[in-house]
K.L.:
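Let me begin by handing over the structure; questions about it come next.
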Amino acid sequence: MSIMQTIQKAAVKSLSALYTQPFSDTDFQVNQTKEEFEGDYTVVLFSLLKKTGQAPAALGEQLGNAMVADHPELFTGYNIIKGFLNLNIADSFWLQLLQENYADPKFGIQAFNGKKVMVEYSSPNTNKPLHLGHLRNNFLGWSVAEILKANGYDVFKSCIVNDRGIHICKSMIAWESFAGGATPESTGMKGDHFVGEYYVKFNDAYKAEIKGLVTGGMEEKLAEKEAPIMKSTQAMLLDWEAGKPEVIDLWKKMNNWVYAGFDETYKNIGSDFDKIYYESNTYLLGKKIVAEGLRKGVFVQDEDNSVWIDLTNDGLDRKIVQRKDGTSVYITQDIGLAQQKYEEYGIDQSIYVIGDEQNYHMKVLKLIAEKLELPNAENIFHLSYGMVELPTGKMKSREGTVVDADDLLTEMIKVSGNTTIQKLEETGKLKEFASEELDELYKTIGLGGLKFFLLRVDPKKKMIFNPEESIDVHGFTGPFIQYTHARIKSILRKEPLANETVQHSTLLPLEKELLVSLEQFELVLIQAAKELNPSALAIYIFNLAKSFNSFYTVHSIANAENAEKKQLRLQLAVMVSNVLKTGMRLLGINVPERM
RNA sequence: GGUUCGGUAGCUCAGCUGGAUAGAGCAUCAGCCUUCUAAGCUGAGGGUCAUUGGUUCGAAUCCAAUCCGGAUCACCA
């Protein structure tokens, strides 16, 4: 139980005894005391005035007295300012917390709670390489999954690869038409980038054909439908669903190129999945469920054979679930997958990490799942995150402003390499590092900086990716926290920790500040899981690192005032480094032993 | 237009289950390395919390309206 909850419970108990009526946690608030006032935690009295019939000062006196009398080991005193009862917590409480937990690398981590959750993220299309937006998605999904694990959930990471559909056929048609047999090997390109080029070539050719038709007098709308390259693409999709061998062969060949490219990128960013689903395997189940839904009357079939669901009574529109030619649309496979996930894993909750541009789609999916009475439909949750934009505005593939994931990673690591070399040279530490260790360090810092930059803002909000700020190593950044960890480790290498307990030391303000912060770690993890929000954790770790740095410049650890202080501070350093490491790990970021 | 999300310092963001004088980082300016890693620390300046009204002892936070911006409303995914 957190100290805040302990205080709340203590206050409820004392109040109930004082006023012989029941009180509950919701009757009042407990906050951390603001810095400018004396005390550690504050009971806000205003909301209790009516119920107790007391004035703030009198109520504060009675409650403060009672709480100190009831728990002399916890509260050492109090003061009242206006309607605020500020309580002082005994140093012995903080010292005990430290003694019990400083050496525990699992501090803050919860035991298994019996619940199973699936987190789906990444979910790329196989027609183009990953970009900056995918990185936010991946980092978020991975971190949310790890945060849930730390809170005791059994978590399955999954990914749905959109490996079929009209967009894939576009790349295939373009490759057939323009590649002349070229391959990633023959061109020396990464497979996903190679295929992406043909997707672009398709669009160029398509546009040219439309233009030609319009010049010939056709209306644009009609031209979009009649362009030969589009017609052959649609024909190819039909052939694909019919299983035509040469189409399937080409499809497999090109997708494998893409997978090889994706694997490399995932490996570089440290992303992993327990289960990868392929749309090509799930869409048939989707079609089956559509057929069942049609029998059940959840869906209706129009005269042209297209299948629809009417959601106007739910405030939405009529939505197509199967085309008139019988091929499946985007949502068809999602319906199948929703059921499959549940059947395979028996999950209690199904989280989808998908951009907020698909809010409507996900709302529809959940509604359909509920109407079809799929198992656990009500526990489908869309973790909707905001788009990543550039200082110049949105990323647009047409204008070539899309930030490629691989290019960005390469650039981040290059910049962090330059910075690291420069810093290590300045301080004369460069010679202590072997060259493999340096390579690893550049990657740790470069990737850590990028991950922290993308995870530090509230997932729900759109964010601006400023390349200049993203490579910063000062202030609210990943490298700042990595550096703090490294300098703690540096001390601990020189000053081994004795196995002695500290019991009677009086805490200095900066020492107590660290303990107060450390105590909150567990609560922060719970909150981050509840909100599916890694940024809450990122902000917390940053503040902890900042507190440590302030402490570090004022108080010496190695040359502490006496042996007991030294032991206390070493314990503090160990515990801070553990929490920084755990917290960063849950964000997917490694912390170096030295840098 | 319907639905929906947002508007807090020059910039990027916290704070939003109502509580004390609205915080941080960057940028700007001024300081701190003969002691454990200066990728650090300390300080200064910088705000009509979009606007108006309401609820309340108390509103950046809740409610309503307005203004501005985004997303979405495809037999695309």
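In the text below, chain A, chain B and the rest are named by the order of the sequence lines, each starting its count at 1.
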K.L.:
Quiz question: by atom type and distance under 3.5 Å, do the side chains of A/Ser122 and A/Asn138 form a donor-acceptor pair?
P.N.:
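Distance-only check passes for A/Ser122 and A/Asn138.
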K.L.:
Can you tell me, in whole Å, how much space there is between the P of B/rU28 and that of B/rG23?
P.N.:
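Looking at atom P only, B/rU28 and B/rG23 are 24 Å apart.
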K.L.:
When you match A/Ala486 and A/Ile166 each to their closest nucleotide on RNA chain B, which lands nearer the 5' end?
P.N.:
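It is A/Ala486, whose closest nucleotide lies nearer the 5' terminus.
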K.L.:
Starting at the 5' end of RNA chain B and moving along, which residue's nearest nucleotide shows up first, A/Tyr330 or A/Asn559?
P.N.:
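Comparing both residues, the 5'-ward one is A/Asn559.
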K.L.:
Against the six-membered ring of A/Phe37, is A/Lys34 placed for a cation-pi contact (under 6.0 Å from the centre, within 45° of the normal)?
P.N.:
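Verdict for A/Phe37: no cation-pi partner in A/Lys34.
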K.L.:
Can you tell me how far C1' in B/rC11 sits from the matching atom in B/rC16, rounded to whole Å?
P.N.:
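Pairwise C1' distance, B/rC11 against B/rC16, rounds to 22 Å.
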K.L.:
Measure from CD on A/Gln527 to C1' on B/rU17 and round the result to the nearest Å.
P.N.:
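Between C1' of B/rU17 and CD of A/Gln527: 11 Å.
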K.L.:
Which pairs, protein N/O on one side and nucleotides 18-20 of chain B N/O on the other, fall under 3.5 Å?
P.N.:
{"unit_1": "B/rA20", "atom_1": "OP2", "unit_2": "A/Lys34", "atom_2": "NZ", "d": "3.4"}
{"unit_1": "B/rA20", "atom_1": "N6", "unit_2": "A/Thr42", "atom_2": "OG1", "d": "2.9"}
{"unit_1": "B/rA20", "atom_1": "N6", "unit_2": "A/Asn86", "atom_2": "OD1", "d": "3.0"}
{"unit_1": "B/rA20", "atom_1": "N1", "unit_2": "A/Asn86", "atom_2": "OD1", "d": "3.4"}

K.L.:
Where does RNA chain B pair, written as one dot-bracket string 5' to 3', with Watson-Crick or G-U pairs under 3.5 Å, ( ) inside the strand, [ ] for crossing pairs and | for another strand?
P.N.:
((((((((.[[[[.)...(...]]]].(((((.......))))).....[[[[[..)....]]]]])))))))....
K.L.:
Is any NZ, NE, NH1 or NH2 atom of the basic residue among A/Glu513 and A/Lys546 found under 4.0 Å from an Asp or Glu carboxylate oxygen of the other?
P.N.:
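Salt bridge flag = no for A/Lys546 with A/Glu513.
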K.L.:
Return yes if a side-chain donor-acceptor contact under 3.5 Å exists between A/Asn359 and A/Ser384, otherwise no.
P.N.:
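Yes, because at least one side-chain N or O of A/Asn359 sits under 3.5 Å from a partner of the opposite role on A/Ser384.
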K.L.:
Using the C1' atom as the reference point in each nucleotide, state the distance between B/rA65 and B/rG46 in Å, no decimals.
P.N.:
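To the nearest whole Å, 32 Å.
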K.L.:
Considering only the C1' atoms, how many Å lie between B/rG19 and B/rG58, rounded to the nearest integer?
P.N.:
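The same atom, C1', in both gives a distance of 7 Å.
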K.L.:
Round to a whole Å and report the spacing from CG of A/Asp356 to P of B/rA77.
P.N.:
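Taking atom P of B/rA77 as the reference, CG of A/Asp356 is at 20 Å.
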K.L.:
If only side-chain N and O atoms of A/Arg323 are considered, is one of them under 4.0 Å from the OP1 or OP2 phosphate oxygen of B/rA77?
P.N.:
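Yes, such a contact exists.
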K.L.:
Expressed in angstrom and rounded to an integer, what is the separation of A/Leu430 atom CG from B/rU37 atom P?
P.N.:
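One finds 17 Å between P of B/rU37 and CG of A/Leu430, rounded.
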K.L.:
Atom OH of A/Tyr206 and atom P of B/rC76: how far apart are they, to the nearest Å?
P.N.:
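Whole-Å distance recorded here is 10 Å.
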K.L.:
Need one value for A/Lys494: base, sugar-phosphate or nothing, where a base atom within 4.0 Å counts as base even if backbone is also close, heavy atoms only.
P.N.:
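Since only primed, P, OP1 and OP2 atoms lie under 4.0 Å of A/Lys494, the category is sugar-phosphate.
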K.L.:
Provide, to the nearest angstrom, the distance between the CE atom belonging to A/Met463 and the P atom belonging to B/rG25.
P.N.:
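My rounded result for the distance is 18 Å.
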K.L.:
Distance between the C1' atoms of B/rA44 and B/rU52, in whole angstroms?
P.N.:
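Going atom to atom, C1' in each nucleotide, I get 36 Å.
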K.L.:
Compute whether any side-chain donor of one residue and acceptor of the other, for A/Thr444 and A/Asn590, lie under 3.5 angstrom apart.
P.N.:
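Note: A/Thr444 and A/Asn590 side chains miss the donor-acceptor criterion.
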K.L.:
Centre of A/Tyr385's six-membered ring, under 6.0 Å away, within 45 degrees of the axis: is that where NZ or CZ of A/Arg136 sits?
P.N.:
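Geometry flag: not set, cation outside 6.0 Å or 45°.
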K.L.:
Just call it for A/His555: base, sugar-phosphate, or nothing, with non-hydrogen atoms closer than 4.0 Å on any strand.
P.N.:
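Base, at least one base atom sits under 4.0 Å.
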K.L.:
Less than 4.0 Å between a side-chain N and a carboxylate O, is that true for A/Glu561 and A/Lys566?
P.N.:
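Not counted as a salt bridge, because no side-chain N and carboxylate O are separated by less than 4.0 Å.
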K.L.:
So what does A/Ile557 hit on the nucleic acid, given a heavy-atom distance under 4.0 Å: a base, only sugar-phosphate, or nothing?
P.N.:
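A/Ile557: base contact, heavy atoms under 4.0 Å.
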K.L.:
Across the strands shown, which category fits A/Ile320 at heavy-atom distances under 4.0 angstrom: base, sugar-phosphate, nothing?
P.N.:
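Base contact - A/Ile320 has a heavy atom under 4.0 Å of at least one base atom.
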K.L.:
List every contact pair, protein side and nucleotides 7-10 of chain B side both N or O, where the distance is under 3.5 Å.
P.N.:
none

K.L.:
Measure CG/A/Asn533 against P/B/rC13 and give the value in whole Å, please.
P.N.:
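In whole Å, B/rC13 P and A/Asn533 CG are 15 Å from each other.
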K.L.:
Whole Å only: how far is the NZ atom of A/Lys225 from the C1' atom of B/rC75?
P.N.:
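Rounded to whole Å, this separation is 9 Å.
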K.L.:
Looking only at the side chain of A/Ser306 (C-beta and beyond, no hydrogens), which of the listed nucleotides B/rC75, B/rC13, B/rC11 gets closest?
P.N.:
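Between B/rC75, B/rC13, B/rC11, the one nearest the side chain of A/Ser306 would be B/rC75.
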K.L.:
Would a line drawn from the ring center of A/Phe453 to the ring center of A/Phe465 be shorter than 6.0 Å?
P.N.:
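A/Phe453 vs A/Phe465: aromatic centres under 6.0 Å.
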K.L.:
Can you check the distance between B/rG10 and B/rG45, where both ends of the measurement are the C1' atom (answer in whole Å)?
P.N.:
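Approximately 13 Å lies between the C1' atom of B/rG10 and that of B/rG45.
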K.L.:
Could you please name the option among B/rU37, B/rC75, B/rA77 that lies closest to any side-chain atom of A/Ile491?
P.N.:
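Per side-chain heavy atoms of A/Ile491, the pick is B/rU37.
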K.L.:
Less than 4.0 angstrom between a side-chain N/O of A/Arg456 and OP1 or OP2 of B/rA24, yes or no?
P.N.:
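For A/Arg456, the contact criterion (side-chain N or O under 4.0 Å from OP1 or OP2 of B/rA24) is not met.
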K.L.:
Base, backbone or nothing for each nucleotide of nucleotides 39-47 of chain B, written B, S, -, heavy atoms under 4.0 angstrom, 5' to 3'?
P.N.:
BSSS-----
K.L.:
Below 4.5 Å, heavy atoms only, C-beta onward: do A/Trp251 and A/Ser280 meet side chain to side chain?
P.N.:
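With C-beta onward as the side chain, the pair touches.
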K.L.:
Might you point out which heavy atoms bring A/Ile557 and A/Ala573 nearest each other, and give the distance in Å?
P.N.:
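The answer is CD1-CB, 4.3 Å.
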K.L.:
At under 4.0 Å between heavy atoms, what does A/Asp472 touch on the DNA or RNA strands: base, sugar-phosphate, or nothing?
P.N.:
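Counting heavy atoms under 4.0 Å across all strands, the contact made by A/Asp472 is with sugar-phosphate only.
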K.L.:
Going by side chain to side chain contact (heavy atoms under 4.5 Å, CB included), name the residues that satisfy it together with A/Asp317, two or more places apart in sequence or in a different chain.
P.N.:
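Side chain to side chain contact (heavy atoms under 4.5 Å, CB included) check on A/Asp317 returns A/Tyr360.
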K.L.:
For the backbone of A/Gly428 and the side chain of A/Lys431, can you confirm whether one donor and one acceptor N or O come within less than 3.5 Å of each other?
P.N.:
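Flag set: sc A/Lys431 to bb A/Gly428 pair under 3.5 Å.
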K.L.:
Verify the distance criterion only: is there a donor paired with an acceptor across the side chains of A/Thr484 and A/Asn549 at less than 3.5 Å?
P.N.:
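Side-chain D/A pair, A/Thr484 to A/Asn549: present.
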K.L.:
Below 6.0 angstrom between ring centroids: does that apply to A/Phe480 and A/Phe542?
P.N.:
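Judged by ring-centre distance (under 6.0 Å), A/Phe480 and A/Phe542 do meet the cut-off.
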K.L.:
What I want to check is whether the side chains of A/Ser158 and A/Glu120 have a donor and an acceptor closer together than 3.5 Å.
P.N.:
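Absent: no donor and acceptor within the cut-off.
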K.L.:
Ring pair (Phe, Tyr, Trp, His ring centres under 6.0 Å), that's the test. Do A/Phe521 and A/Tyr540 meet it? Break it down for me.
P.N.:
CA-CA 8 Å; A/Phe521 184 48; A/Tyr540 167 82; 5.7 Å; yes
K.L.:
Going by number, which of residues 122-139 of chain A have a non-hydrogen atom under 4.0 Å from RNA chain B?
P.N.:
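Result for residues 122-139 of chain A: A/Asn125, sorted by number.
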K.L.:
Does A/Lys363 have a side-chain nitrogen or oxygen under 4.0 Å from the phosphate oxygens OP1 or OP2 of B/rU72?
P.N.:
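False: A/Lys363 side-chain N/O out of range (4.0 Å or more) of B/rU72 OP1/OP2.
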K.L.:
Could you classify B/rC36 for me, syn or anti, using a glycosidic angle within 90° of 0 as syn?
P.N.:
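Here B/rC36 takes the anti form, which means its glycosidic angle is more than 90° from 0.
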K.L.:
Heavy atoms only, 4.0 Å cut-off, all strands: where does A/Phe476 land among base, sugar-phosphate and nothing?
P.N.:
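If one applies the 4.0 Å heavy-atom cut-off, A/Phe476 turns out to touch the sugar-phosphate alone, with no base involved.
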K.L.:
Among A/Ile320, A/Val290, A/Val307, which residue satisfies the side chain to side chain contact (heavy atoms under 4.5 Å, CB included) criterion with A/Thr332?
P.N.:
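The residue from A/Ile320, A/Val290, A/Val307 that satisfies side chain to side chain contact (heavy atoms under 4.5 Å, CB included) with A/Thr332 turns out to be A/Val290.
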K.L.:
Does this structure show an ion pair linking A/Asp325 with A/Arg323, if we count only N-O contacts that are shorter than 4.0 Å?
P.N.:
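Answer for the salt bridge query: no.
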K.L.:
Can you tell me how far P of B/rG25 sits from CD1 of A/Ile541, to the nearest Å?
P.N.:
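Spelled out: CD1 on A/Ile541 to P on B/rG25 is 17 Å.
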K.L.:
On a whole-Å scale, what distance lies between the C1' atoms belonging to B/rU35 and B/rA20?
P.N.:
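Taking atom C1' in both B/rU35 and B/rA20, they lie 40 Å apart.
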K.L.:
Please answer whether the main-chain N or O of A/Asn466 pairs with a side-chain N or O of A/Glu469 as donor and acceptor at a distance below 3.5 Å.
P.N.:
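No; judged by distance alone, with no hydrogens or angles, the pair does not exist.
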K.L.:
Determine the interatomic distance between C1' on B/rC5 and the same-named atom on B/rU37; round to the nearest Å.
P.N.:
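That atom pair is separated by 45 Å.
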